[in-house]
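Down below is the structure, laid out as structure tokens.
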Number of protein chains: 2
Amino acid sequence: MGISPAELGSPGKEQQAAGVGILLQIMMLVLSFVVGHVLRRHKFYYLPEASASLLIGLIVGGLANISDTETSIRTWFNFHEEFFFLFLLPPIIFQSGFSLSPKPFFSNFGAIVTFAILGTFIASVVAGVLVYLGGLMYVMYGLPFVECLMFGALISATDPVTVLSIFQELGTDMNLYALVFGESVLNDADNVPCVGVGFTSALLFKYAGLDIDNLQNLECCLFVLFPYFSYMLVEGLRLSGIVSILFTGIVMKHYTYSNLSENSQQFVSAFFHLISSLAETFTFIYMGFDIAMEKHSWSHVGFISFSILFIGVARAANVFSCAFLVNLVRPVHRQVPLKHQKALWYSGLRGAMAFALALQSVHDLPEGHGQIIFTATTAIVVLTVLLIGGSTGTMLEALQVVGDGHDGHLGESFELNNGYVAPSYNEDGTAGNRFKMKLKEFQKSTVSFSALDRNYLTPFFTSQNGEDEEEHVFGNSSDEPMPSSRRGGFHGHSYNPT
Amino acid sequence: MGISPAELGSPGKEQQAAGVGILLQIMMLVLSFVVGHVLRRHKFYYLPEASASLLIGLIVGGLANISDTETSIRTWFNFHEEFFFLFLLPPIIFQSGFSLSPKPFFSNFGAIVTFAILGTFIASVVAGVLVYLGGLMYVMYGLPFVECLMFGALISATDPVTVLSIFQELGTDMNLYALVFGESVLNDADNVPCVGVGFTSALLFKYAGLDIDNLQNLECCLFVLFPYFSYMLVEGLRLSGIVSILFTGIVMKHYTYSNLSENSQQFVSAFFHLISSLAETFTFIYMGFDIAMEKHSWSHVGFISFSILFIGVARAANVFSCAFLVNLVRPVHRQVPLKHQKALWYSGLRGAMAFALALQSVHDLPEGHGQIIFTATTAIVVLTVLLIGGSTGTMLEALQVVGDGHDGHLGESFELNNGYVAPSYNEDGTAGNRFKMKLKEFQKSTVSFSALDRNYLTPFFTSQNGEDEEEHVFGNSSDEPMPSSRRGGFHGHSYNPT
């Protein structure tokens, strides 16, 4: 006859509401997984899983709105930015780093950084200025200049969560994938990433001797805690946790992972895959539900439609100018082709990240301006996830940049690139060319990283022989087809030392 | 140049505090795992992992108290009962059901229910009345009678989390383990458990055809969501989620598990083991930290010391009277021996559950009575976890009830019991004997469950042949030694169909 917690009056009531709230969330999660599975099985790519989850959230949220659900249950569905940034985002970004094929990412690193930093800056300014001009010309609600720039910055960062979810499901060209994904993540790269934690973990697992029998649970517990440790360390220092956890993922997959016992390797791959699937699906449901529940000021339809137009323009300014810059320095066979540029322009998806940031601005800005920005962002999120997300597949097919057929040429271009960098220094040195050379040096430094890795990092941080390792890390990845589905087998991404 | 969330003023500040708070928690978790590992390796059983975690929490909490840590970080360490009941407790109890050897549990079911329901009732009343009498006689602070009974109920329920953690680490006699553990969990059995969800999941996985290639992540996602679904469903109905999730664990292991693909079986075993280890360790750290941070009214030392004495008396009244009743009905070779009774008395550990319930009473009771009850409970929790927990090993060894040597005789007594029940009806039928017969009928019903399981449930809910299954479920478990460490290999508990 212990006291059941439900019997103690009001805390029990609260707990009941929490139970119902969580129950609803789990039901929506299960529904999303099942719907996503059915859609994939029937190869219906007009509704990617992300869009389906968002729709489910919207519908259930709408129903809850109509049926006057109790406030105590509703509070379980308010989108808390803090919850998103602390608990949903880290596993998604870590898994993307952990399952990333490092080659396309690092061989395109120069281009990625250009798109992410310069490109997003251009897009922010262009969008902000256009929105301000629109306000001055009375075609839309006029916001102060600084708020326009803020809105521009907020809406110009493409979203790693949404991009990941939709691109991975489509099985896009690796090269394009690396560009779009890298751009979305490095949007946030306003400071040097801390990857020390990843390397520390590699050393710990190399020397702790945990890869013996009966210690697998301890080994996995520690392994699973490390990425989160890294994220929180960096957040606590007020730096960018997202970039940090991405690189922690890459480092841990590269070095720490091979120090684990075989069972633990299988387990952690599956574990991170599972957790990130759950977090990702939940993010879209959660966002959909909150969008349906929040109060919006739909009176500013003009503002919303012009914003969408201006964002398209700003994205074009970003992509085409940066691509021009990147192509200036790349040899002919490595140019970013026009069809890739078009695909890059089209795939500027906005999702959970913009939504979370806009939610903060509601509280910060005076005179209901936050409300307007929030509503506009919400509308843009829903439209891009549902319309652009759903049509990305068709668009990429039309541009012929989908599928595995292109991977081969990618791997090839990387091989050529390895041989390419050295001779390129023989060109003449005008002012324009000196700029080119700077860019090329930067590019070279990313290539020479693979030598550093092979000769020093891998032998130091793993218990394996450096030459063996090289085979797996850089040799094989060009043969690996892009996994066509994220929900696929556990060992799709798994690193299998022979 | 996306806006890093840390740049948006006060929400960023909050998030930084959250980052630091979580960082501290992760560091304590890692420390606990490492300390636990070192202690186990050196076979130092005077400080079980649970006690070590509690100590780490107490020490760090004390330091944070002295060093005037910011309030925003502190709030991350307040023990929220809701968080405990909704997120920490379910995985722990589910895992205990999932890894339970069903035989000792079900063959002792009658005794377990007697201890859990009648025994806890006796202990609650005895403790409550003694505390009230103590108050009347001015040897301790006098509380109103109803509050005394409440305190009695709160403190008499032994704690499944603590009991599990310490007993599993010691490798106790299966029979005793089943009694103590069953008692702790069924303390909460004030209503019929809902196990329908477990059976539903078995059917779902039998017919959904998910055990094929490339669907393992989907399979695991759904499997992992089911227990939580069950818990929240029952909590939402204001019934006891703890009992429900225990039985869901047993049912899902028995039926659903064998419908999974082999990879998924390995994964989910390891997953639940990992999650429950994390939740369990975190519970003790969290409790230790909160104990160090909360305000206590230590002026009532008399109340605390007399409470401890009275609880010992109440526990004795519970164990010895219930054991007498159980022995009345059992044949000689299945009697609960006196040394087991003593061990049962000694192992009445109070932990996180009592703490969480006491925390609620702080708000509910007038005139600082809640504060007194809370402080007394806290003191009892610390003392039982550290002193009794640390000495349980020595005590059980002294009573010779530790280890694998006893498992054989247990299995044996079960076999005998199977043959025993039928002839026992031939005895004469006086009033006392009719009562005995009622009890025996109850016992028989738990035994005949194994026939029902073999002939109907297993063939219906799993894709396996019923006769094969029988071998595994009831035949083999007597040979299985009690796993000597919870942190041991993944596949220690795993169910391995040949």
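We use all heavy atoms of the structure for the numbers below, so side chains are in, but hydrogens, waters and symmetry mates are not. Proteins get letters first, then strands, A, B, ... in listed order; numbering begins at 1 in each.
Closest approach of B:Leu86 to A:Ile22, counting heavy atoms only: CD1-CD1, 4.1 Å. B:Gly236 approaches A:Val20 most closely through the heavy-atom pair CA-CG2, 3.8 Å. Contact detail for A:Asn217 and B:Leu274: the closest heavy-atom pair is OD1-CA, 3.4 Å. Of all non-hydrogen atoms in A:Phe271 and B:Phe267, the two that sit nearest each other are N-CE1, 3.4 Å.
Between atom CD of residue A:Glu219 and atom CZ of residue B:Phe33 there is a gap of 13.0 Å, rounded to the nearest 0.5 Å. In this structure, the separation between CG on B:Asn263 and CD on A:Gln266 is 6.0 Å, given to the nearest 0.5 Å. To the nearest 0.5 Å, atoms CZ (A:Phe229) and CD (B:Gln25) are separated by 13.0 Å. The line from SG of B:Cys220 to CG of A:Leu278 is 10.5 Å long, rounded to the nearest 0.5 Å. The NE2 atom of A:His273 sits 7.5 Å away from atom SG of B:Cys221, with the distance rounded to the nearest 0.5 Å.
With a 4.5 angstrom heavy-atom cutoff, A:Ile155 does not touch chain B via any of its atoms. Both the backbone and the side chain of A:Leu225 come within contact range of chain B, with heavy atoms under 4.5 Å apart. In this structure, chain B has a heavy atom under 4.5 Å from the side chain of A:Phe87, while its backbone stays farther away. Contact annotation for B:Phe83: neither backbone nor side-chain heavy atoms come within less than 4.5 Å of a heavy atom of chain A. Neither the backbone nor the side chain of B:Leu118 comes within contact range of chain A; no heavy atom of the residue lies under 4.5 Å from a heavy atom of that chain.
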